[in-house]
Amino acid sequence: MDLYNVLNLLGRGTFGTVHLCERKHNQQKIVIKRINIDLNGECAETAKNEVAVLKSLNNPNIIQYYDSFVKAGTLYIVMEYANKGTLFEFIAKSRPKRFSPQVVMNLFCQILMGLNHIHSKNVIHRDLKCENIFLTGLQSDVIKIGDFGISKILMNNKNANTLIGTCNYVAPELCDGKPYNIKSDIWSLGCILFELCAMEKMFEGTLSNVVLSIAAGRRKMIDTHFYGFQMQKMIELMLQIDPNDRPDTLKLMCLTDVFPSLHVLGTNLGCIPHTHKFTFDE
Ligand code: ATP
Ligand code: MG
């Protein structure tokens, strides 16, 4: 911590606190997440390995992990600061207005590009949800996936088959006690796309409510007059009960509705922040 000044507390999560800090030598704002899981022996090794993997991820749509250290058995992770809040807050603030299909596609494609990079490195996010997607950029127009479910890995080592954290985005196979896989993230992505269109969650309530709704095949529909059938189909595709039936990120990127938006974003993201004219305030 000698290298950083602590500025203020950003919030508390299930496993610890998140502080806004600055690097002493150049005043760069960064975030330090403190994970209060007793790190001894094997667990400390797992934590170190996990952070090493996360540090190797590098993509405009992912919160960059810079560094980590263990002090008095507590894990500290130093990462990029996103200064415009979360997608969860953005949706809440925008209600009761809804996003245009173009804005939904832009947001979705940015998340998809970030997730594609994560999956291409064989990493599973494990906690994909609107609270863990952050807004940045001059016009809040760049969104980044952050807050990987590292605590889930550390907890699962001690206590396999426990589901911790938010359950709204949890894939059915995880409720059955099966391990996380790449397609569990795709389920969460489907829930997020629905939320971007409907401005409400696909599954709500306690874990047992969510499990019952999934088992009963209870699904909400988006307004297909406004967003088109293709969007509804895409959501259904990602919310297949059998993980093998869900598309991977590459397959999603090739869909006719997605590919053109990806192309536009791909050319824009290269020139952020100066020439990226898109704004969500339309
Ligand atoms: P969970 O434990 O389920 O992840 P949480 O997301 O509410 O719950 P934390 O992940 O500990 O809790 O985050 C606490 C707060 O810090 C949240 O408000 C979150 O939005 C904010 N935060 C986390 N990472 C960043 C970041 N890189 N930049 C800006 N704010 C962040
Ligand atoms: Mg979080």
Side-chain angles (χ1 to χ4, degrees), residues 4-23 27-39 47 50-51 54-55 57-69 74-93 107 110-111 114-115 117-118 123-138 140-156 158-159 162-171 174 180 184-185 188-189 191-192 195 201 203-207 210 273:
Y4 311 100
N5 289 321
V6 177
L7 300 180
N8 57 277
L9 179 74
L10 288 174
R12 282 174 209 281
T14 328
F15 290 101
T17 49
V18 175
H19 282 94
L20 175 64
C21 304
E22 67 178 9
R23 287 189 202 279
Q27 280 78 50
Q28 184 201 6
K29 299 257 193 311
I30 44 104
V31 154
I32 299 187
K33 183 165 183 156
R34 187 189 149 130
I35 301 183
N36 297 329
I37 296 177
D38 189 21
L39 287 175
E50 282 309 318
V51 179
L54 296 183
K55 270 198 282 195
L57 300 176
N58 184 272
N59 183 275
N61 295 117
I62 298 175
I63 292 282
Q64 185 67 49
Y65 280 54
Y66 298 127
D67 205 1
S68 70
F69 49 94
T74 299
L75 173 66
Y76 294 80
I77 304 176
V78 185
M79 61 179 107
E80 182 180 353
Y81 170 53
N83 62 341
K84 303 276 170 70
T86 66
L87 185 57
F88 173 79
E89 292 158 353
F90 187 50
I91 292 175
K93 210 168 57 189
L107 290 166
Q110 293 196 54
I111 304 167
L115 191 60
H117 179 75
I118 296 168
V123 175
I124 310 170
H125 185 284
R126 287 180 165 82
D127 200 14
L128 207 55
K129 56 180 178 181
C130 295
E131 289 92 326
N132 286 342
I133 296 173
F134 297 90
L135 276 62
T136 61
L138 286 181
S140 327
D141 50 0
V142 182
I143 64 170
K144 293 176 184 262
I145 301 176
D147 218 353
F148 289 70
I150 204 169
S151 26
K152 294 196 176 178
I153 300 175
L154 301 179
M155 279 307 280
N156 276 1
K158 289 183 176 172
N159 195 358
T162 26
L163 279 176
I164 40 179
T166 336
C167 56
N168 313 83
Y169 304 80
V170 77
L174 304 176
Y180 279 92
S184 324
D185 282 346
S188 310
L189 184 65
C191 294
I192 293 171
E195 204 166 329
K201 292 194 190 330
F203 301 106
E204 270 170 301
T206 59
L207 178 61
V210 172

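In listed order, ligands and their atoms are each counted from 1. Only this structure's heavy atoms are used, side chains among them; waters, hydrogens and symmetry mates stay out.
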Distance-only, no hydrogens or angles: does the [X] side chain make a donor-acceptor pair with backbone N or O of [Y] under 3.5 Å?
{"X": "Asn132", "Y": "Asp127", "result": "yes"}
{"X": "Gln28", "Y": "Arg23", "result": "no"}
{"X": "Glu89", "Y": "Thr86", "result": "yes"}
{"X": "Thr136", "Y": "Val142", "result": "yes"}

Exercise. Are there more than 12 heavy atoms of other residues, nucleotides or ligands under 6.0 Å from atom OH of Tyr66?
Worked result: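 Counting neighbours around OH of Tyr66, more than 12 heavy atoms of other residues, nucleotides or ligands fall under 6.0 Å, so yes.
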
Check ligand 1 against [X] and write out every atom of the ligand that is under 4.0 Å from a heavy-atom position of the residue.
{"X": "Lys129", "result": "3 (O)"}
{"X": "Asp147", "result": "4 (O), 6 (O), 9 (P), 10 (O)"}
{"X": "Ala82", "result": "28 (N), 29 (C)"}
{"X": "Asn132", "result": "6 (O)"}
{"X": "Phe134", "result": "20 (O), 22 (N), 23 (C), 24 (N), 25 (C), 30 (N), 31 (C)"}
{"X": "Val18", "result": "9 (P), 11 (O), 13 (O), 14 (C), 16 (O), 22 (N), 23 (C)"}
{"X": "Leu10", "result": "16 (O), 30 (N)"}
{"X": "Thr86", "result": "20 (O)"}

Problem set entry | Polar side chain donor-acceptor pair, Gln64 to Asn58, under 3.5 angstrom |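 Yes, Asn58 and Gln64 have a side-chain donor paired with an acceptor closer than 3.5 Å.
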
Problem set entry | Shortest-distance N, O or S atom of Asp147 relative to the Mg ion (ligand 2) |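 In Asp147, the N, O or S atom with the shortest distance to the Mg ion (ligand 2) is OD2.
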
Exercise. Taking heavy atoms and a distance under 4.0 Å, where does Lys33 meet ligand 1: side chain, backbone, both or neither?
Worked result: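 It is the side chain that touches ligand 1; the backbone stays farther off.
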
For this session: Over 60° means perpendicular and under 30° means parallel, so classify the ring planes of Tyr65 and Phe148, tilted if in between.
Result: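 Taking Tyr65 first and then Phe148, their aromatic rings stand perpendicular (interplane angle over 60°).
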
Problem set entry | Rounded distance [0.5 Å steps], NZ in Lys84 versus CG in Asp141 |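 If I round to the nearest 0.5 Å, the distance is 7.5 Å.
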
For this session: Give a yes/no answer: is there an N/O/S atom of Asp127 under 2.8 Å from the Mg ion (ligand 2)?
Result: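 Of the N, O and S atoms in Asp127, none lies under 2.8 Å from the Mg ion (ligand 2), which means no.
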
For this session: Output yes when the distance from some N or O of ligand 1 to some N or O of Glu80 is under 3.5 Å, and no in every other case.
Result: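 Glu80 vs ligand 1: N/O contact under 3.5 Å present.
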
Exercise. Is the closest basic N to carboxylate O distance between Asp147 and Lys129 below 4.0 Å?
Worked result: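 Lys129 and Asp147: not salt-bridged.
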
Exercise. For atom 7 (O) of ligand 1, which candidate among Met79, Glu131, His19, Arg12 provides the closest heavy atom?
Worked result: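 Considering heavy atoms of Met79, Glu131, His19, Arg12, the nearest to atom 7 (O) of ligand 1 sits in Arg12.
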
